[in-house]
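Each remark here refers to the structure printed beneath this line.
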Amino acid sequence: MITMDLIAGLNTAQQTAVTAKPGPILVLAGPGSGKTRVLTHRIAYLIQDLRIRPWNILAVTFTNKAAREMRQRIENILDGQPRGLTMGTFHSICARILRRESQHLTYYDKDFVIFDSADQLQVVKQALKDLNLDDKKFPPYKMLNGISNAKNELITPEIYAATNYISEVTRRVYTQYQALLQANNAMDFDDLLMNTVLLFQEHADILLQYQERYEHILVDEFQDTNTTQYTLLRQLAGVHHNIFAVGDSDQSIYKWRGADFRNIQRFREQYPDAEQILLEQNYRSTQIILDAAKAVIKRNPQRVHKELFTLRQGGSLITVREAYNEREEAQFVMDSIENLILEGYSGGDMAVMYRTNAQSRVLEEAFLRVGLPYRVVGATEFYKRREVKDTIAYLRLIHNPADAVSLGRILNVPTRGIGAKSRQALQAWAAYNNLQPAEALIRLATDADAQHPFKNRALKALSTFGSMLNAWIVLRDQVPVAELLDVVLEQTHFRMHLDDGTEEGEERWGNVMEFRNVAAEGADMNLGEFLEQVALVSETDNLDEAPNATTLLTLHAAKGLEFPIVFLTGLEDGLLPHSRSLDEAEELAEERRLFYVGITRAKDRVYISHAFRRTFYGDSAVSVPSRFLGDIPEALTDGDSSAVKREKSKKRVSSWQTDTTWSKPQSSTRWSADGGSGRFQSPSQRPRPRHLEPDPFAQGTAETKRGPQYRAGMRVNHGRFGDGVVIESKMTGDDEEVTVAFADVGLKRLSASFAKLDIIQ
DNA sequence: GGATCTCATGTTTTT
DNA sequence: CATGAGATCC
């Protein structure tokens, strides 16, 4: 009887999912098919009908915001707080577990901090320095990628298997990087997940506690889990096997972050008795929008077919519009928004989406020019602004004096006369005394008898700062975070430091004050809790209601959201699909899914735009309309069909080839001999914008970083192996793998960045 | 030791 | 273009 409330208004498939018999359950949910509803009702069903205590339920969501909303909805259904329910992102849940079990962690105490990507970069740089490696040859962010990929695959430095030179370097950097993090009592995002899994692997007894506790596990956005997350779920479900996974492989857009939608397949294999439920009714979009989306996604190979349908027959046609350049494109968006407002829509009903954050700028300028309200998701994230990060660094250092990265960041910010020399000397002295740099500072300030190499100005600067730091640490446990922050800002003359008389300086101080407000709001939190919250929020989490403001956001950030009106901008080859994904089928498929996600965010209307010319890195180049446009049936769009437009645009590009009045780029524009799919144009005619694809054969010099330097047939010389002929050369990751037939030693496979191969003319 | 200038470089996406 | 790192100047 109670059940009736819970399933009223749900369709059959949804009801089946909500009331499914406990066990492994896989819900494949199309966009707009009410999966959040299913999840919340399922949890309510577990609590209300099956009498499961909330304490025994774990629900994993993709963002904190989703968690909050779900909690709210469950509260509404149950008419009360589901007390004890664990709900949050993988990262926040893991952070909580690690914090609670910190006494079992070998290298960490409970005050460990969470390093964001900027901090990570610092650590990688330090690791490279420690290993005497050139950060030009081994770009830190690439190293970081390698490390992150490994962690997402649950590969520790110890088991990391190097297969070539680059990966051997990565392995060493990874090892050192990890050691540095531990020395800093810091974890990066990936560590939160990996260390939880490792903790459970090493301590069966601890795992058992959690396994027994979490009788029911529910996971949202299951297609975007990585191996480590999947393993964690397997671990936690190890006793009760009640795992309710909701996902849609067509909306998997985080492969680059280690996500693997094949986890859905893996789930089926590892839980052969899993019940599978398809949610195919879309409650969001009109028929036209859904048809367009389906036509787009249909082109991806190897999909699990779903028959999506909607009861919202018909609808407005999809507007596809070519603009001359990105400014005109932005203007097109403005004009459309103004018309829609006249029709009765509010600016808040609309979202403008784009592939890359850089595209938001022109749009923002247009909004400002026209005077329409807007809000940008992401872009320059608040917590990543320098002045805010500096402020956070102070708090982090106070919380965890072992955090050398934060200390490094603010040691001389605001400037206080501690330059590179003093910094080095401090580090050396600290290491010599087996102290963390911050501890060394405090020793310097408090221990008059300390033996040290500093004198005069440097000594004064260092010890002054040391005694301030010492005082803050004492203050830490006595006053709320906001007050502590006030003291720090006051004593460091932070405002003076930011205020350079410009408006920008004002704004920076404003940001710091805004951060201070955040701290004041969390008055019930201690410093550690506050820092954790700050580290784990995402920009979308703070997307609060701004009634009339139009939302600007990336396609990635749009996942899980919906808007009556959606603008999809920059539908050009090289942008969507992005140039970096053009040559790999799986990556191209992911770009298509991204487009699919964008379209399916819309309830009523979709506007798609692309520019004929677009400015990249300062100079303007001709763009070709996205190959995805042609996938939308002509009958669903207004005006020219997309395919025709692509043709037309292509012609114009061709004429541009001979039209000297337009020919701004000369030598920099290359003519590709082989232009992409060739589905819409004869490949030989297409000029390639310079930025899209570096010509792999541009020059065979060592400076060419991206493309292969060697070609089959080239004669080469190797210091040890002598002369030979290149048989094959291919790029593997960022390294070039060259197969050479040597006269003396036969076939060898060499790594170009490692082996010194000279080309013989 | 600190501020300012020049030059190269490019992260696509984010918990 | 816009940002960051390194070089140079004060």
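Numbered from 1 within each chain, the chains take letters A, B, ... in sequence-line order. Please read these numbers as outputs of a predicted model, since none were measured by experiment.
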Exercise. Tell me: CZ of A/Phe616 to P of C/dA2, nearest whole Å?
Worked result: 15 Å
Exercise. Should we count CZ of A/Arg416 as having more than 12 external heavy atoms under 6.0 Å?
Worked result: yes
For this session: Please list all pairs passing the salt bridge (charged side-chain N to carboxylate O under 4.0 Å, His left out) test where one or both residues lie in residues 248-257 of chain A, with sequence neighbours left out.
Result: A/Asp248-A/Lys306, A/Asp250-A/Arg303, A/Asp250-A/Lys306
Exercise. Of A/Thr415 and A/Asp190, whose nearest nucleotide on DNA chain B comes first from the 5' end?
Worked result: A/Thr415
Seminar exercise, completed: Closest of C/dA2, B/dT15, C/dG4 to the A/Arg257 side chain is B/dT15
Exercise. Looking across every strand, which nucleic acid part, if any, lies under 4.0 Å from A/Ile418 by heavy atom: base, sugar-phosphate, or nothing?
Worked result: sugar-phosphate
Exercise. Does A/Glu532 come within less than 4.0 Å of A/Arg96, counting only side-chain N to carboxylate O?
Worked result: no
For this session: Give the rounded distance in Å between these two atoms: CG of A/Asn149 and C1' of B/dT13.
Result: 14 Å
Problem set entry | For atom NE2 of A/His556 and atom C1' of B/dT11, their distance in whole Å | 12 Å
Exercise. Between atom CG in A/Asn226 and atom P in B/dT13, what is the gap in whole Å?
Worked result: 20 Å
Problem set entry | Between B/dT9 (C1') and A/Tyr141 (OH): distance, integer Å | 9 Å
Problem set entry | Nearest-angstrom distance from the residue atom NZ of A/Lys421 to P of B/dG2 | 12 Å
Exercise. With stacking defined as ring centroids separated by under 5.5 Å and planes differing by under 30°, is A/Tyr254 stacked against B/dT13?
Worked result: no
Exercise. Once you round it to whole Å, what is the distance between C1' of B/dT14 and CD1 of A/Ile114?
Worked result: 15 Å
Exercise. When you look at A/Tyr254 and A/His556, which way does the ring pair (Phe, Tyr, Trp, His ring centres under 6.0 Å) test go after all the steps?
Worked result: CA-CA 8 Å; A/Tyr254 283 98; A/His556 282 91; 5.3 Å; yes
For this session: Mind checking A/Ser422 for me? I need base, sugar-phosphate or nothing, with any heavy atom below 4.0 Å counting as a touch.
Result: sugar-phosphate
Problem set entry | Side-chain H-bond candidate by donor/acceptor type, A/Arg613 with A/Asn325, under 3.5 Å | no
For this session: Please list, by residue number, the residues of residues 95-102 of chain A whose heavy atoms come closer than 4.0 Å to an atom of DNA chain B; answer none if no residue qualifies.
Result: none
Problem set entry | B/dT14 OP1/OP2 closer than 4.0 Å to side-chain N/O of A/Thr554 | yes
Exercise. Which nucleotide in the list B/dT14, B/dG1, C/dA2 gets nearest to the side chain of A/Arg457?
Worked result: B/dG1
Exercise. Taking the six-membered ring for Trp, are A/His91 and A/Phe189 parallel (under 30°), tilted (30 to 60°) or perpendicular (over 60°)?
Worked result: perpendicular
For this session: Remember a base hit wins even if backbone is also touched, and classify A/Lys125 as base, sugar-phosphate or nothing at under 4.0 Å, heavy atoms.
Result: sugar-phosphate
For this session: Whole angstrom is fine here: how far is it from CG in A/Asn412 over to C1' in B/dG2?
Result: 9 Å
Problem set entry | A/Arg369, CZ atom: more than 12 neighbouring heavy atoms under 6.0 Å | yes
For this session: Could you tell me how the ring of A/Phe595 sits relative to the ring of A/Phe628: parallel (under 30°), tilted (30 to 60°) or perpendicular (over 60°)?
Result: parallel
Exercise. Taking only N and O in the side chain of A/Asn357, is any of them less than 4.0 Å away from OP1 or OP2 of B/dT14?
Worked result: yes
For this session: Specify the residue among A/Thr89 and A/Thr356 whose closest nucleotide of DNA chain B lies further upstream toward the 5′ end.
Result: A/Thr356
